[in-house]
Protein chains: 2
Amino acid sequence: MKYYGALEAGGTKMVLAVMDENGNTVREDTIPTRTPEETMPEMLAFFSADAVSSLGIGGFGPLNLDRNASEYGHIMETPKLPWRHYPLLQAFRDSLRVPVGLDTDVNAAALAEARLGAAKGKESCLYVTVGTGIGGGVIIHGKPVHGLMHSEIGHISVVPVPGDPMPEGICPYHPHCLEGLASGPSIKQRWGISAKELPPDHPGWEIESEYLAQLCANAMLSFSPEMIILGGGVMQQKFLLPMIREKTLKLLNGYIAHPAVSEGLTRYIVTPGLDTRSGITGAYLLAREAERKSSLPD
Amino acid sequence: MKYYGALEAGGTKMVLAVMDENGNTVREDTIPTRTPEETMPEMLAFFSADAVSSLGIGGFGPLNLDRNASEYGHIMETPKLPWRHYPLLQAFRDSLRVPVGLDTDVNAAALAEARLGAAKGKESCLYVTVGTGIGGGVIIHGKPVHGLMHSEIGHISVVPVPGDPMPEGICPYHPHCLEGLASGPSIKQRWGISAKELPPDHPGWEIESEYLAQLCANAMLSFSPEMIILGGGVMQQKFLLPMIREKTLKLLNGYIAHPAVSEGLTRYIVTPGLDTRSGITGAYLLAREAERKSSLPD
């Protein structure tokens with residue numbers, strides 16, 4: 001039996017798994033993200049123990065995913081300073097001496113949802129996590145989208161909601177950006193309590209769902225994914241999803257004539273099919289892909 | 001020598017061409033778009049005269065491009081009532097008895113720009129026409145994007161620009177939508193004169209370029225095309241493009257660390273490489289593709 005390494009590299013924790021050819025988890029561990037000097041040896045030891053055939057990484061970003069760039073595989077301008085410009089892909093490849101596949105954490109999650117989760121059988125989807133930040137992964141024509149860089153859909157601008165007491169948001173880069181207006185920390189800053197503590201009938205949820213509905217409507221109108229999957233901590237509030245669907249329908253206002261819309265988006269804007277396993281499962285798929293590619297001629 | 005039919009089907013005019021295997025135009029004609037009963041026989045006669053091997057259509061939309069749908073190949077909820085629910089693809093296929101490829105006019109233009117124009121050699125681009133309406137075509141992984149339907153990027157919502165005397169726009173479906181705020185008719189309605197007549201130093205251009213910059217920034221952040229190509233009548237005002245680039249840079253505010261951004265987007269937000277021939281050239285490429293596909297087993 002062959003083994004594959006999967007790493008969900010987050011800014012606060014690293015989820016590591018060894019999985020077999022059938023996708024079954026053999027070992028798993030979670031360790032806090034400290035500096036590369038502290039964290040890398042632990043991770044390398046974890047993956048070395050089972051002689052993995054390849055490794056897949058879904059990493060926090062921004063990442064350089066341009067295969068022609070000298071900094072390919074590096075973490076770019078992250079606020080996690082010890083990791084800034086760290087050659088993540090190379091560090092693992094050079095130590096483990098196996099093929100390494102790398103994508104953003106959210107592209108990995110989107111890939112897993114498209115292959116094995118809520119969007120199974122579809123050629124495209126958008127996966128968005130709404131939590132400490134807002135990030136999105138995009139699958140089109142069955143493959144993760146990179147393009148110029150990779151999606152940073154949390155930073156699109158949205159129209160301020162009337163009555164929002166904090167209409168500029170808290171993003172240090174962009175006024176009116178989605179992450180600055182609808183992430184967990186923005187809820188906390190606006191109302192003084194966390195999303196978890198905000199009661200379901202609090203007007204804050206009307207505002208939150210309106211911003212996330214703008215995300216959904218704009219994504220549908222821009223690149224038309226076949227499904228939108230919303231995950232992350234803020235989405236744990238189960239009453240939020242129907243509010244987002246309803247407001248997305250209002251924003252589209254009948255413009256997109258499609259059964260998915262006319263039936264109320266109930267099978268279109270959904271929660272992850274793999275629950276909290278999308279990210280690590282996506283990393284596993286990246287490992288499989290890296291092995292497959294390495295056995296092909298260039 | 002084989003011949004191919006290319007049709008750029010617009011709401012006001014139909015551009016018809018017969019082109020050879022090398023992409024040279026053999027014959028071309030433009031006729032006004034009236035009802036299907038009046039316009040179809042003329043078009044069929046045009047393409048029949050050269051016994052084209054296949055036909056490609058870049059059509060006004062919305063179009064049903066879902067191959068599994070019963071209305072595949074039909075025009076959908078268009079304001080051009082005689083064409084609503086017209087089976088465009090089938091009407092040509094059944095009469096000409098050749099393979100017919102169909103996509104939106106803007107996806108066809110985007111395809112031509114990606115294969116032969118400004119984005120030649122790239123795997124992705126966004127093509128947007130800014131004129132009577134605002135429409136966009138998206139190429140990702142080398143192929144036009146359909147997804148749930150197809151891009152309707154003209155209808156994304158944008159943040160009202162301070163000082164805009166008409167901040168809700170004129171779209172009958174969506175307040176704050178790009179088309180309602182930045183199309184030719186919205187300029188006319190806001191200032192009483194057309195884009196062509198609006199002097200270069202008129203404050204209207206600050207507003208116009210700000211809305212189009214929001215389009216560019218949001219597209220970059222959402223699905224990260226490798227190039228954005230802006231065409232259409234409004235873009236004929238040559239001073240507009242640098243204004244859009246400058247405002248897009250301000251909106252991104254350093255968030256996307258990429259050479260294309262740091263060099264000022266001068267090679268990233270550009271005009272069409274095929275000038276006004278993107279659409280008809282794209283239709284020709286769709287014809288070639290339709291012929292190729294028809295000769296393959298299903």
If you tally heavy-atom pairs under 4.5 Å between each of B:H141, B:M220, B:E226, B:H258 and chain A, the highest tally belongs to B:H141

### Message
Whether the A:H155 and B:Y255 side chains hold a donor-acceptor pair (N or O, under 3.5 Å, no angle test) is what I'd like checked.
### Response
yes

Comparing A:G147, A:G136, A:A257 against chain B, the one with the most heavy-atom pairs below 4.5 Å turns out to be A:G147

| task | Report yes if the side chains of A:S224 and B:H150 come closer than 4.5 Å at any heavy-atom pair, otherwise no. | result | no

Okay, B:V138 and chain A: the region with an atom under 4.5 Å from a heavy atom over there is side chain

Q) Would a distance-only check, ignoring hydrogens and angles, find a side-chain to backbone donor-acceptor pair under 3.5 Å from B:S151 to A:S222? A) yes

Applying a strict 4.5 Å limit to non-hydrogen atoms, the region of A:P225 in contact with chain B is backbone

Ranking A:L252, A:V261, A:L126 by heavy-atom pairs under 4.5 Å to chain B gives rank one to A:L252

Of B:H146, B:M227, B:Q214, the largest count of non-hydrogen pairs under 4.5 angstrom with chain A goes to B:H146

Per side chain to side chain contact (heavy atoms under 4.5 Å, CB included), B:V159 is matched among A:S157, A:P175, A:C177, A:P167 by A:S157

query: When you look at CD of A:Q189, are more than 12 heavy atoms from neighbouring residues, nucleotides or ligands closer to it than 6.0 Å?
result: no

The interface call for A:A260 against chain B, heavy-atom contacts under 4.5 Å, is side chain

Here the pair of heavy atoms bringing B:V145 nearest to A:F223 is CG1-O, 3.5 Å

Turns out that what part of B:L251 lies under 4.5 Å from chain A's heavy atoms comes down to backbone

Of A:L221, A:I153, A:N253, A:I156, the largest count of non-hydrogen pairs under 4.5 angstrom with chain B goes to A:L221

Residue from A:H174, A:M76, A:E77, A:M149 scoring the most non-hydrogen pairs under 4.5 Å with chain B is A:H174

- Query: Would you find more than 12 non-hydrogen atoms of other residues, nucleotides or ligands less than 6.0 Å from A:R84 atom CZ?
  - Reply: yes

Chain A shares the most heavy-atom pairs under 4.5 Å, among B:N218, B:I140, B:L148, with B:L148

